[in-house]
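Numbered from 1 within each chain, the chains take letters A, B, ... in sequence-line order.
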Amino acid sequence: MSKPILSIKNLKKTYPNGVRALKGVSFDVRRGEFLVIIGLSGSGKSTLLRCLNRLHTPSSGEIIFHPQASTRDSAVLESATDIATVEGEKILDIRRRIGMIFQHFNLIERHSVIDNVLHGALGRTPTWRSILGLYSHAERAKAMGFLELVGIGDKAYYRAAQLSGGQQQRVAIARALMQSPELLLADEPVASLDPATCHVVMDYLRKVNRELGLTIICNLHFLSLVRQYADRVIALKGGELVYDGDPQQIDDAWFSRIYGETAKEVHVN
Amino acid sequence: MSQIIRRTIFDACIFAYIIVFLLIAVQRPDSDHLIEQMSGYLLIISALGIIGALLSLFLRAKSVTTLGDIIYMPAYLRPSIPGPLPLYRTFWGVELLMTLVATFVLGWFITDINPLRLLEADAISSALRLFGEVASPDWSILPKATIKIIESIFIAFMATALSTPIAFVLSFLSARNIMGKTWLGTVICACLRIGFNLSRSIEPILWAIIFSVWVSFGPFAGMLALMVHSIASLAKQYSEIVEGVSDGPIEGIEATGAGAIQVVWFAVVPQVVLPYISYTIYRWDTNLRMATILGFVGGGGIGTLLMEYQGQSRWPQVGTIIVVMAFVVWLMDAFSSHVRSAVK
């Protein structure tokens, strides 16, 4: 068994307004797994993901990142790094190695689809080159390749705003893949999509997980999706870890522990 | 606590103001007298302020709701104001009405309003003569006026064109959502904002006076005046747009590992381009209006011509200039609103 890609130890996050979003969370993320995080809104799921790529700075705790040996050109990170405490340029390097997709896609709607995918290369492109739009042919071909991987190669020169929600989320996946990440974070990737589209997007996530071997950490609302896609699930409640294990073993008792007594499971088919 | 201090100071000022008004109404001093006796009056006014404050505290003890209470009362206490009484039956309502009436009456006398003067026979006849001359423009100066209005248009254009890139950069440096993340950024942001407000509070016509001394009379001075004003105005308007951008795309670009400049360029700029264009066109429009009168203080353009003819009372020529100015300003206004609705 290889080392976990991430070892999170006693992670805490208190916002400046005093809200304690994470109260000491510990778990490992195994390389190549599809890990799903569940929990109510406000349970700390989004905060947790944003701590992992340092969009937020944790208050205390460790996030030990074991990069894959000898696959990276960047020399900034070689051995295990504590993401929780890196600073300056190294934060950017961490973000380059960890792709992220969002509930509201967070694309640049006025830019073309292909340009949005190329944004994934910003981290390794010098500022002046990126502003002048001088991406190499290799980068452009790579971007096109990822668009085809998520099945929207024909939409490359549309404006992002012209695409449907599901298509925009696929562009976001292509943008994240463009970073050549080792880890993909997905914050409620299907929460603003209709049930049919929702499966298309989840299937593409599974595809990049299986075919590209990309480790995925995904926040989800619907338990039925969790059972279908997750290799492993962890549950957060009030900023604490309350479940870590097999998605098939979350029964009604666990369900009401995680979501509260009055909750009722909703199925997405 | 601070709310009580504020309402007391506010009410003290209002009471002092009403008493001063009543004293003036009784005594009817002229302005020479006021200037001579200024220090004495200041003493009386401060004394009245103290009396006002005492009165206000007395009213508070009697739990009378004053205007200061209404203004500074925290929202959660609002419901305790007794029901829908007519304004004139509440203390604060009477206070408000007295203040408004006193201000209106004072204003009437200070601005020397005299409607009858509009109707005096000789005044009407000279006004009619002037209108008649202005209304029969002297078209022989049209070429000259055209050249000068073109000068005004370009003064306005260059001022806008040169201020836009500067304001563009400054707008990001003065936007709280971009700069507020670090201590140094917050300081830079605050300093820039103070600078903008100071330079905006000086009207372009005053800047033109300064620059016409600096670089001597002419269109360059006018252009500089408008530019200084435009930089501050545009940077402020632009930075408000920047503060209104949505955070999602910023997070999206940040998550790719992009640097700070890349985040601004790729996530913020696309969201602000259209409103920026709209504000810039509008600024050109505004600058043109101002450019037409900057000539009065040596800022070049058609205002120079207008001042010349007006000084010589050559009203038909003034009439021509008014027509040219109105036509161009109207045209620019139409153009600007057309472009602005197109980029929405």
Side-chain angles (χ1 to χ4, degrees), chain A residues 46 49-50 52-57 74 76 88-111 115-133 159-161 168 171-172 175-181 184-185 187, chain B residues 164-166 168-173 175-187 189 238 241-280 339-344:
Chain A
S46 289
L49 283 197
R50 281 168 176 72
L52 298 186
N53 67 350
R54 284 298 297 277
L55 284 179
H56 290 348
T57 304
S74 164
V76 184
E89 272 295 307
K90 283 191 175 180
I91 295 180
L92 302 187
D93 198 66
I94 287 292
R95 289 184 191 156
R96 276 162 221 163
R97 288 156 170 264
I98 300 178
M100 184 161 186
I101 63 172
F102 302 86
Q103 177 178 354
H104 299 293
F105 329 127
N106 293 356
L107 298 179
I108 310 305
E109 297 201 335
R110 293 175 45 76
H111 285 191
D115 280 344
N116 270 286
V117 179
L118 284 165
H119 291 160
L122 286 176
R124 55 175 182 269
T125 311
T127 302
W128 66 273
R129 283 188 76 99
S130 63
I131 285 175
L132 296 176
R159 271 191 187 191
Q168 289 197 33
V171 177
R175 173 173 74 183
L177 293 178
M178 193 66 194
Q179 293 171 230
S180 314
L184 180 65
L185 308 176
D187 186 25
Chain B
T164 299
I166 301 174
F168 179 83
V169 173
L170 291 178
S171 68
F172 296 107
L173 296 177
R176 290 191 200 93
N177 57 340
I178 306 274
M179 299 298 284
K181 288 170 186 167
T182 60
W183 176 84
L184 181 67
T186 312
V187 172
C189 184
Y238 285 174
I241 302 171
V242 172
E243 287 177 356
V245 300
S246 55
D247 290 332
I250 296 177
E251 214 176 23
I253 296 295
E254 273 179 344
T256 66
I261 294 173
Q262 289 174 323
V263 171
V264 170
W265 183 260
F266 288 98
V268 183
V269 171
Q271 294 190 61
V272 300
V273 182
L274 289 186
Y276 271 32
I277 292 173
S278 168
Y279 274 113
T280 309
V339 172
R340 281 184 288 131
S341 65
V343 298
K344 227 165 231 160

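The line from OG of A:S46 to CG of A:L185 is 11.0 Å long, rounded to the nearest 0.5 Å. In this structure, the separation between CD on B:Q262 and OG1 on A:T127 is 4.0 Å, given to the nearest 0.5 Å. The distance from the CG atom of B:N177 to the CG atom of B:D247 is 7.0 Å, given to the nearest 0.5 Å.
Counting heavy-atom pairs under 4.5 Å between each of B:A267, B:P270, B:S246 and chain A puts B:P270 at the top. Taking A:H104, A:H111, A:M100 one by one and counting their heavy-atom pairs under 4.5 Å with chain B, the maximum is reached by A:H111.
For A:R54, no part lies under 4.5 angstrom from a heavy atom of chain B. The part of A:L107 that comes within reach of chain B is its backbone (N, CA, C, O), which places non-hydrogen atoms under 4.5 angstrom from that chain. Proximity to chain B (any heavy atom under 4.5 Å) is restricted, for A:I98, to the backbone atoms N, CA, C and O. Neither the backbone nor the side chain of B:I250 comes within less than 4.5 Å of any heavy atom in chain A.
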Query raised in the report: Is there a ring-ring contact (aromatic ring centres under 6.0 Å, His included) between B:F168 and B:Y276 once you walk through the steps?
Result: CA-CA 9 Å; B:F168 179 83; B:Y276 271 32; 5.8 Å; yes

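Ion pairing of A:D93 with A:K90 is absent here, as no side-chain N (NZ or NE/NH1/NH2) approaches a carboxylate O to less than 4.0 Å.
Contacts between residues 251-258 of chain B and chain A, counted as heavy-atom pairs separated by less than 4.5 Å, involve B:E251, B:G252, B:I253, B:E254, B:A255, B:T256, B:G257, B:A258.
Checked by atom type and distance alone, the side chain of A:Q179 pairs as donor or acceptor with a backbone atom of A:R95 at under 3.5 Å. Side-chain atoms of A:T125 come within 3.5 Å of backbone N or O of A:A121 as a donor-acceptor pair. In this structure a side-chain-to-backbone donor-acceptor pair under 3.5 Å is missing from A:D187 to A:I101. Side chain of A:R96 to backbone of A:G123: a donor-acceptor contact under 3.5 angstrom is found.
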